[in-house]
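Just below is one structure, and these are the notes that go with it.
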Amino acid sequence: MPGYSPHDIESKWQEYWEQNKTFRAPDDTSKPKLYVLDMFPYPSGEGLHVGHPEGYTATDMYSRFQRMRGYNVLHPMGYDAFGLPAEQYAIETGTHPRITTERNIANIRRQIKRLGFSYDWDREFATTDIEYMRWTQWIFLVLYDTWFDPSIEWADPDGKKRRGKGRPIRELPIPDATRAQGEDAVRRYQDSFRLAYQAEAPVNWCEALGTVLSDEEVIDGRSDRGGHPVQRIPLRQWMLRITAYADRLVEDLDTLRWPDAIKEMQRNWVGRSEGAEVDFYIGEPGSLYEAWRILRRLEGFPAESESYAIRVYTTRPDTLFGATYIVLAPEHPLVDRLTTEAQRAEVESYRQRVASMSEEDRIAGRGEKSGVFTGGYAINPVNGERIPVWIADYVLISYGTGAIMAVPGHDQRDFEFARKFHLPIRAVVLPPDSWLEQMRVSREDYAARVGELASAFTDDGTGIQSSNPGVSLNGLPTPEAKRTINAWLESSGLGRPAIKYKLRDWLFSRQRYWGEPIPILHEVDAEGKPTGLRRPVPEDRLPVLLPELNDFKPTGSPEGPLAKAAGWIWVQEGGRKFRRETNTMPQWAGSCWYYLRFCDPRNNARAWDSEREKYWMPVDVYVGGAEHAVLHLLYARFWHKVLFDRGHVSTLEPFQRLINQGMILSITYRTSDGRIVPYSKINFSEGKAAHAETGEELAGETEKMSKSRGNVIPVDLPLQQYGADTTRLYEMFMGPLETTKPWSMQGVEGISRFLNRAWRMIVDEEAQGMRLNRKVLDNVEPTNEQLRALHKTIQSVTEDLEALRFNTGISRLMEFVNFFTSQAARPRSCMETFVLLLAPFAPHIAEEMWQALGHTESLAHAPWPVSDARFTLEEAIEIPIQVNGKVRSRLVASITAGSDDLERMALEDPKIQRYLDGHAVQKVIVVPKKLINIVVSP
RNA sequence: GCGAAAGUGGCGGAACUGGCAGACGCGCUGGACUUAGGAUCCAGUCCCGCAAGGGGUGGGGGUUCAACUCCCCCCUUUCGCACCA
């Protein structure tokens, strides 16, 4: 065999694995399972760059390692193939998205296969597969068939008591009054409770994309994909009631082994807050108001406020005495009623201005407060004071009740607003002295000067100027004041504790072609007009296929391009005529449950078999980019919980352990005048980069890979130059999996050298045929030193693989090779063990050397080496001796040496004696096997 | 502004629960082999200093016999959120 030839070896073994189905994961429940999953890639037309396979490399190494340790490893791969790019391409070129998608999948599959990943290719699928889409639609119907019962109690699989669960819609109690109105009324009632429902809501409409987007897909008022401007317009849309699951989505995070940052981001996104709802009577103090108060005291706080009261939400009910005005969102339904004739023109023009503003303008105008007085007043229920009602765009209709009580003394936004419009500012919480000092105001002056300070005090303090005949918060610390006022509000029927979320329901319909059709039929009357009643497509009629179209352009209307398929949209069923839903699902739909389908991907009768789901789930290790921290991971968890509630899955959470791989950066080289120089025009030598044409030395900067920077390194580049094993090793050697790190083509070179050295350590590269290196010997016993090196390597590589510390694992293997290449006699047993240790990292070269060592079977399922502590312990070790914390000498001692012996030896050490001369030894610290520190007087 | 993470040689990075800072790799320097070397092998490589020695993990302070590691203050970078009442 000549030298190490990666390309021959790699294609040989990739073929072998494929033919022998080496990595098929049998549904063999007698073995312990491990489910190792990569986040679903979207097959883009660009192909993969070196950053993409980082996570795949990690999961592959881990899977191969665990397979050798006896686990039945489920390690699948598939494609999230619906989505906008293929459709945009279709609009531009007329090529059907299915064609583009298939072409892109073929390319990404080729690249992934070239890296030698150990996927079970028998389980591969794409979300666009008709058989897969069928079950995506089925899950939509499960959501459609489910309502959330907030009060039901149940015990989770760990025996923990829970409240609130999704239940079949037929179990929804129907009020008698509704039932009396007949069948249609009952259906409408049910529709209003379903987890998948239609509602008229202000949505993010993106003109350029011709579709609406979810809140999660809008960033700074522009679309996540493409950066097009987004407007808020009211539209009738499909929504998923994710808010019903808000508490469980937050609570269950505690049970997951996920990065804290991601958990925190999910918590923030759900944005749970605790506070109170309070009603403010609209009108004048007087007998009507008094009558209302009495009624409220008798009947309590109603589920919805009367039309003559404003309901606000606040997290600081303890500051109610400081509420000096009310602000409604401009869209609030009570604005019309409250506006006086004198103010009407101004109010209307303000409302129109706000309505016509794009999301982006709204964000840009933030900071500078704007608003208009309605002319109307309401009464502060704690002190009977008549306070003005304003409208302002800093109050959002979509959060809380769309109305706030403004406490300018203790809320920064209200403070700025009050200052601008000269509204009264009242202190009701006394800040701690440290804050007062900072503001240069005394405790006594605070209440009088609160309006002149630089900012409002918004933290916890002590109640002041807060009492009425029924309740006093004076002197109470904020948490206690909250409890006290809440109790008073409840007993007087004026308010109640409430919990709100930033999370909104998930806007689920898209006006696009390349997505799963929503499997719903709309009833129409004789004239073909929708009646507002809907029917799900029966399960046995799924999937609803996409109609063939020649023109994929968005219609610019809420109907979407599917409305153009005249032959498709009308359906006759049981003598009645229906119109198909013409919206499609968002791209997230397919990736919400693919991990479940991988458990049983070829099932034609069900989405998955329960037994298989029970065996394989949950996903034990899930690796992917942090960009999915909120979107995909929150949506998938939501679906999973609904499926759990409906008895379709056995676990509360889908992904037990989550790891975010760090981004791989690249180096961008620029000339002194800032022009980018592509890699093809750079000479790398003497550690420097020089322009190939001008010879100018180029400055390199580490930056994100992007086409515009010309620094994208396609994965095919290192694959062609060095092969898969080197590429895989370098992907992991750069640094810890989770951190951001730059790719260096010079670094790859070093890895290639390592594999060559490993090869020569075992294989005779001079020989014609495949022969072992002559220094590899059968009939010698390893020396103690060799055994120690071997077992230390086994130990640390095993630990590193368990902890997914691939970079240090590779370092240990390098140390092994460095050591054994200096050994003239290399016992064959040591070489065999090394090959097994190398196998998860660089499987092709390992298989080839395994074969050279005389094995006829693949090592993919060979047992993983076990280290023996007898060999890793050294009999004698070197221990540093410090004097006052500085290393001054070393001694060699037996590991069994006791503290007293070590202390004596250290003090007798001639070098140490020099340092002790003239100083008194105060203390000697001996850490056996580690170090000795002698503390002396100065 | 709020929240989170991170700052270690020329570079990527090691250092498990406080115990020899810089493993491993890149780059660089010198040497060997060679017709040749962008192959391979050997030696060296944190900084200052000929040396003895001294200094050193973003900066400042602290705890400790001992701090990259723990505590306080500050600086910088990256990421996320951003009028959420």
Side-chain angles (χ1 to χ4, degrees), chain A residues 3 219-220 259-265 267-269 271-273 275 312-316 319 327 362-363 365-369 392-396 398-407 411-414 416-417 458 500-504 626-627 629-630 660 662-663 667 684-688 700 702 729-730 733-736 738-751 753-754 756-757 760 796 799-800 803 805 807-815 818 821-822 878-887 890 922-927 929-936:
Chain A
I219 293 164
D220 293 338
D260 289 336
I262 303 292
K263 289 192 192 182
E264 200 50 34
M265 279 164 74
R267 281 189 203 104
N268 289 340
W269 192 265
R272 182 191 150 102
S273 74
V312 305
Y313 172 69
T314 176
T315 54
R316 292 297 299 272
T319 61
V327 188
R362 227 173 145 151
I363 288 161
R366 192 176 48 203
E368 186 57 23
K369 294 281 174 293
D393 66 352
Y394 82 90
V395 175
L396 310 173
S398 48
Y399 184 75
T401 58
I404 62 155
M405 60 176 212
V407 185
D411 182 286
Q412 190 56 28
R413 294 154 302 182
D414 298 343
E416 287 163 19
F417 192 86
T458 56
K500 301 282 176 198
Y501 306 92
K502 282 202 292 188
L503 182 71
R504 322 270 163 82
E627 67 272 19
V630 179
N660 290 123
M663 206 187 318
I667 300 165
F684 292 98
S685 64
E686 300 189 350
K688 293 182 182 102
T702 305
L729 238 49
Y730 185 65
F733 187 66
M734 274 180 283
E738 297 89 340
T739 61
T740 302
K741 45 214 172 274
W743 181 281
S744 137
M745 281 316 275
Q746 285 167 333
V748 189
E749 186 75 39
I751 291 291
R753 285 207 276 262
F754 160 65
N756 272 289
R757 278 208 314 278
R760 286 194 304 270
S796 40
E799 283 169 10
D800 286 341
R805 285 190 306 250
N807 55 330
T808 49
I810 295 165
S811 298
R812 301 292 160 244
L813 293 171
M814 288 173 167
E815 285 177 302
N818 289 347
T821 44
S822 71
E878 199 180 63
I879 296 173
I881 311 170
Q882 298 181 332
V883 176
N884 284 350
K886 290 197 172 103
V887 180
R890 290 156 196 287
Q922 291 179 328
K923 200 169 171 187
V924 180
I925 287 118
V926 180
V927 186
K929 289 187 261 185
K930 288 279 184 196
L931 141 164
I932 300 157
N933 189 10
I934 302 168
V935 186
V936 299

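None of these values were measured; they are calculated from a predicted model.
Distances were taken from every side-chain heavy atom of M814(A) (C-beta onward) to each of C26(B), A85(B), G25(B); the shortest belongs to G25(B). Distances were taken from every side-chain heavy atom of E815(A) (C-beta onward) to each of A82(B), A23(B), A85(B); the shortest belongs to A23(B). Closest to the side chain of P736(A), from the set G13(B), A85(B), G19(B), is G13(B). Residue K369(A) has its side chain nearest to C83(B) when only A66(B), C83(B), A4(B) are considered. In the set A85(B), A15(B), G12(B), G12(B) carries the atom at the smallest distance from any side-chain atom of K741(A). Comparing atom distances between the F733(A) side chain and each of A14(B), A66(B), G25(B) picks out G25(B) as nearest. Out of C24(B), C65(B), A85(B), the shortest distance to the side chain of K923(A) is found at C65(B). In this structure, the nucleotide among C20(B), G12(B), A85(B) sitting nearest to the side chain of S273(A) is A85(B). In this structure, of C24(B), C65(B), C20(B), it is C24(B) that holds the atom nearest to the side chain of N818(A). Of the listed nucleotides (C16(B), A66(B), G27(B)), C16(B) has the atom at the smallest distance from the side chain of K930(A).
Partner assigned to A82(B) is none, using Watson-Crick or G-U wobble distances below 3.5 angstrom. Across all strands shown, G37(B) forms no Watson-Crick or G-U wobble pair with both distances under 3.5 Å. Under the Watson-Crick or G-U wobble criterion, with both distances below 3.5 Å, U17(B) is left unpaired in every strand shown. When both pairing distances are held under 3.5 Å, C70(B) makes a Watson-Crick or G-U pair with G62(B).
OP1 and OP2 of A39(B) both lie 4.0 Å or more from every side-chain N or O belonging to R757(A). For C79(B), neither phosphate oxygen OP1 nor OP2 lies less than 4.0 angstrom from any side-chain nitrogen or oxygen of T740(A). Contact annotation: R760(A) reaches the phosphate of C41(B) (side-chain N/O to OP1 or OP2, under 4.0 Å). Regarding contacts with the backbone of A14(B), a side-chain N or O of N807(A) is found under 4.0 angstrom from either OP1 or OP2. Dashed line: the shortest gap from a side-chain N or O of R753(A) to OP1 or OP2 of C26(B) is under 4.0 Å.
Residues I934(A) and V936(A) are in side-chain contact: their nearest non-hydrogen atoms beyond the backbone lie under 4.5 Å apart.
Here, G10(B) and G62(B) have their P atoms 28 Å apart, quoted to the whole Å. G58(B) and U69(B) have their C1' atoms separated by 16 Å, with the value rounded to a whole Å. Only the C1' atoms considered, C20(B) is 31 Å distant from C73(B), to the nearest whole Å. Nucleotides G49(B) and G56(B) are separated by 15 Å at their C1' atoms, to the nearest Å. Between C24(B) and A14(B), the distance separating the two P atoms is 14 Å to the nearest Å. A4(B) sits 13 Å from C72(B) when the P atoms are compared, rounded to a whole Å. Atom name P, nucleotides C70(B) and U57(B): the rounded distance is 15 Å, in whole Å. A51(B) and C46(B) are spaced 13 Å apart, taking the P atom of each and rounding to whole Å.
Counting any heavy atom pair closer than 4.0 Å across all strands shown, V395(A) reaches a base atom.
The nearest pair of heavy atoms linking D800(A) to G809(A) is OD2-N, 3.1 Å. In plain terms, the two heavy atoms of T401(A) and Y313(A) that are nearest each other are OG1-N, 3.4 Å.
In this structure, G9(B) shows a glycosidic angle within 90 degrees of zero, which is the syn conformation.
Looking at T821(A) and R757(A), their side chains never bring a donor and an acceptor atom within 3.5 Å of each other.
Distance alone, capped at 3.5 Å, places no donor-acceptor pair between the K500(A) side chain and the Y399(A) backbone. Using modelled atom types, one side-chain atom of R316(A) and one backbone atom of T458(A) make a donor-acceptor pair closer than 3.5 Å.
The distance from atom CG of L813(A) to atom P of C24(B) is 14 Å, rounded to the nearest whole Å.
Each of R805(A) and P742(A) was assigned the nucleotide of RNA chain B with the nearest heavy atom; the assignment lying further toward the 5' end belongs to P742(A).
Relative ring orientation between Y394(A) and F417(A) is described as tilted, the plane-to-plane angle lying within the 30° to 60° band.
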